[in-house]
Amino acid sequence: MTAALRWFGFIQSSHLPLSELLKFILFANFSIVGMNVNLMWNSVGFYQIAKLSIIPVSCFLEVVMDKIRYSRDTKLSIAVVLLGVGVCTVTDLSVNTQGFIAAFIAVWSTSLQQYYVLHLQRRYNLSSFNLLGHTAPAQAGTLLLLGPFLDYWLTNKRVDAYNYNLVSLMFIILSCTIAVGTNLSQFICIGRFTAVSFQVLGHMKTILVLIMGFFFFGKEGLNLHVVLGMIIAVAGMFWYGNASSKPGGKERRSLSLPTSRQQKHASFSDSNEHGGNV
């Protein structure tokens, strides 16, 4: 797909250092494998808790790395989103040591990967299409090489031993095609906003899945507390959008202001001295 996008002119030639590409691939691959193993080893409830914890970890990375400052309303709106999605999705909670380790790796690698999307686009002036053109082939290549061995180590099953048929191949192709759009939308959203905004928006997917499940499969799984959680989460999303867009809602702290003032003061003093000499 990236080759087709390049042929149609959506992806232009650009530069991304190999060291930066390898870092991104490491974070992204650990994210994919970690989330899948997290779901395999833990309950669905703990998996949802792990997904929710990506937002505070992403906030922490933005505060530490980019010196982002959040207003009180922005922090509260994020908490409301987490509460609402938690009420919707978290039911049974069971975890073991290896499951906790997998969840920990998954949360931090996902947060770092999404932070790195914005970092690379800004630092190397890459569009979403260009970044996808650099990362997708490398990520696909590494997963194709390492995935089967890792899969066999974790599940004791070989990918090539699966009984492939036309239906399964169609779903694999459909899944891969949708994944291109998912990755591209992630790059566009994070590049225009931030990883935290992407995560808040991404939880709308959970709400839509629950709503679509109601339309396709009836009322099963959609009770009063789930509806209440959906309402709380959507209200929190609107609040976050409003709070973060206000002045001071979410901004980078300026560390150069005192220095610039000192320079201006020094320049003013120098000009006075020169004026006095003349």
Distance-only, no hydrogens or angles: does the [X] side chain make a donor-acceptor pair with backbone N or O of [Y] under 3.5 Å?
| X | Y | result |
| --- | --- | --- |
| Asn38 | Ala102 | no |
| Thr177 | Ile173 | yes |
| Asp66 | Ile68 | no |
| Thr74 | Tyr70 | no |
| Thr110 | Val107 | no |
| Ser109 | Ser31 | yes |
| Asn242 | Phe238 | no |
| Ser175 | Phe171 | no |

What I want to find out is whether Lys67 reaches Glu62 closely enough, with some N-O distance under 4.0 Å, to be called a salt bridge.
no
What pairs meet the side-chain hydrogen bond (donor to acceptor under 3.5 Å, both in side chains) rule with one or both residues in [range], with sequence neighbours excluded?
| range | answer |
| --- | --- |
| residues 142-151 | Asn29-Thr142 |
| residues 97-108 | none |
| residues 230-240 | Ser197-Tyr240, Tyr240-Lys250 |
| residues 5-15 | Ser14-His134 |

Contacts under 3.5 angstrom, residues 184-192 side chains, donor-acceptor by atom type, not counting sequence neighbours:
unit_1	atom_1	unit_2	atom_2	d
Ser185	OG	Gly181	O	3.2
Ser185	OG	Thr182	O	2.8
Gln186	OE1	Gln113	NE2	3.3

Residues passing the salt bridge (charged side-chain N to carboxylate O under 4.0 Å, His left out) test with Lys75, sequence neighbours excluded, are none
Those residues at least two apart in sequence (or on a different chain) that pass salt bridge (charged side-chain N to carboxylate O under 4.0 Å, His left out) with Arg122 are none
With sequence neighbours left out, the residues meeting side-chain contact (heavy atoms from CB on, under 4.5 Å) with Met1 are Val180
side-chain contact (heavy atoms from CB on, under 4.5 Å) filter on Tyr152, not counting sequence neighbours, yields Asn156, Arg158
### Message
Contact between Asp160 and Pro148 at the side-chain level, heavy atoms closer than 4.5 Å - yes or no?
### Response
no
Side-chain contact test, heavy atoms from C-beta onward, threshold under 4.5 Å: evaluate it for Lys51 versus Gln199 and give yes or no. no
Quick note, ring pair (Phe, Tyr, Trp, His ring centres under 6.0 Å) partners involving residues 17-41, not counting sequence neighbours, are Phe27-Tyr116
Sorted by chain and residue number, the side chain to side chain donor-acceptor pair (under 3.5 Å) partners of Ser128 (sequence neighbours excluded) come out as none
With sequence neighbours left out, the residues meeting ring pair (Phe, Tyr, Trp, His ring centres under 6.0 Å) with Phe193 are none
